[in-house]
2 protein chains.
Amino acid sequence: MLIVVDPHSGVPVYRQIMDQVKFHVASGLLNAGDELPSTRALSSELGINPMTISKAYSYLEREGVVERRPGRPLVVKAFETNQIHDNRINQLRESLAATVTIAKQLGIRNDEAIAVFRELLENEANPQAPDNEGKEQS
Amino acid sequence: MLIVVDPHSGVPVYRQIMDQVKFHVASGLLNAGDELPSTRALSSELGINPMTISKAYSYLEREGVVERRPGRPLVVKAFETNQIHDNRINQLRESLAATVTIAKQLGIRNDEAIAVFRELLENEANPQAPDNEGKEQS
DNA sequence: GTTAGTGTATTACTTGACATATACACTAAT
DNA sequence: ATTAGTGTATATGTCAAGTAATACACTAAC
């Protein structure tokens, strides 16, 4: 269980923790029944308040990733093998949701947005990623 | 120039105004040289503070959509037809880049990722603010 | 100069998200 | 009951975003 947080990243600490736990579960590093670090242990390790850990854990419990047992450490919840994949899809969905909002606000058509996404996905194989070619202004 | 705002949509009013002006410019309803409604006129029409309009106008000016003339109404700036649209696509590309990385890390196939994206785009009727996904619900 | 139109700089208020401190509740072992 | 481990409810503090009130600056026409 390796967890690292950056308080200056702009991403809330509790969310960084959530994301890393979910990622570890999705990737198989954490399995059903595994215990999560105690709030106080993780708290002193990361130098942040136990309540912040608790908040992350609570949201994870609400999302069904971990199981709550009063007075006992939280454990990763059991799930069907297929749910691992579903879990991954859900993470992707979460990440895409923000982009959808942006596309919507910008008035970009669905097929255009999808074309851009496809292009990026297929270009990811190439380590050369020329992203800015003089498009900037302001 | 039809502008409508909903203060309860979760999207900041100044941004709603920006989006609609940009959309009207992109769609050709507004052309180079056209004057925008005065801040006070739009203000009383929408029932919001003139400064909120001004803020929207200022950002539009910074983005190169309109032109500022002290003491005179703002006018739509002359621009290449596709300039603004290209700009939007670039914003979208930026937002999607992070998601592509996640998809690759999770080992999700391109067609799966695209399917999820398409589904979310077509579901855009979802009126909820996109930045909290497990927040208050008391 | 005066008037009436324009935009906006400055300041302050409101609100919500985030992180924290404190105190409490639960469990297991003694 | 006590102790030591666990998680967390509640209240408070901090900060940034969004909005608003006020006062100012500019232009054009008289």
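Everything numeric in this text was worked out from a predicted model, so none of it was measured. Here is the naming used below: chain letters follow the sequence lines, and residue numbers restart at 1 for every chain. All heavy atoms count here, side chains included; hydrogens, waters and symmetry mates do not.
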Ser38(A) near the nucleic acid: base, sugar-phosphate alone, or nothing, with a heavy-atom cut-off under 4.0 Å?
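Sugar-phosphate, backbone atoms only, no base.
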Shortest non-hydrogen contact from [X] to [Y]?
X         : Y         : value
Ile3(A)   : Gln20(A)  : CA-OE1, 3.4 Å
Ile108(A) : Ala113(A) : CG2-N, 3.9 Å
Ser95(B)  : Thr99(B)  : O-OG1, 3.9 Å

Atom [atom1] of [X] and atom [atom2] of [N]: how far apart are they, to the nearest Å?
X        : N       : atom1 : atom2 : result
Asp6(A)  : dC18(C) : CG    : C1'   : 15 Å
Ile53(A) : dA21(C) : CD1   : C1'   : 15 Å
Asn49(B) : dT8(C)  : CG    : P     : 13 Å
Glu67(A) : dT27(C) : CD    : C1'   : 16 Å
Lys55(A) : dA19(C) : NZ    : P     : 6 Å

Does Arg68(A) pair with Glu61(A) as a salt bridge, N-O distance under 4.0 Å?
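The answer is yes: the pair qualifies as a salt bridge.
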Proximity to the side chain of Arg68(B) - top-ranked nucleotide from dT22(C), dA28(C), dT8(C):
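So the side chain of Arg68(B) is nearest to dT8(C).
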Measure from the side-chain heavy atoms of Ile48(A) and tell me the nearest of dT8(C), dT27(C), dT20(C).
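Nearest nucleotide to the side chain: dT20(C).
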Let me know, please, whether Tyr59(B) or Arg40(B) comes out on the 5' side of the other along DNA chain D by nearest nucleotide.
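On the 5' side of the pair lies Tyr59(B).
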Salt bridge (charged side-chain N to carboxylate O under 4.0 Å, His left out) partners for Asp111(B), two or more places apart
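Checked Asp111(B) against salt bridge (charged side-chain N to carboxylate O under 4.0 Å, His left out); matches are Arg109(B).
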Regarding Lys55(B) and Asn49(B), is there a side-chain donor-to-acceptor distance under 3.5 Å anywhere?
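There is no such pair (donor and acceptor under 3.5 Å, judged by atom type) between the side chains of Lys55(B) and Asn49(B).
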Considering just the side-chain nitrogens and oxygens of Tyr14(A), establish if one lies under 4.0 Å of OP1 or OP2 belonging to dA19(C).
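It does not, given that no N or O in the side chain of Tyr14(A) lies less than 4.0 Å from OP1 or OP2 of dA19(C).
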Start and end of the DNA chain D segment that chain A contacts, any atom under 4.0 Å from a heavy atom
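Result: dG5(D) to dT10(D).
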Can you pull the ring pair (Phe, Tyr, Trp, His ring centres under 6.0 Å) pairs that have at least one residue in residues 88-122 of chain B, sequence neighbours excluded?
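Checked against ring pair (Phe, Tyr, Trp, His ring centres under 6.0 Å) - neighbours excluded - the pairs reaching residues 88-122 of chain B are Phe117(A)-Phe117(B).
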5' precedence on DNA chain C between Pro70(B) and Arg72(A) (nearest-nucleotide basis):
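With Pro70(B) and Arg72(A) compared, the 5'-side residue is Pro70(B).
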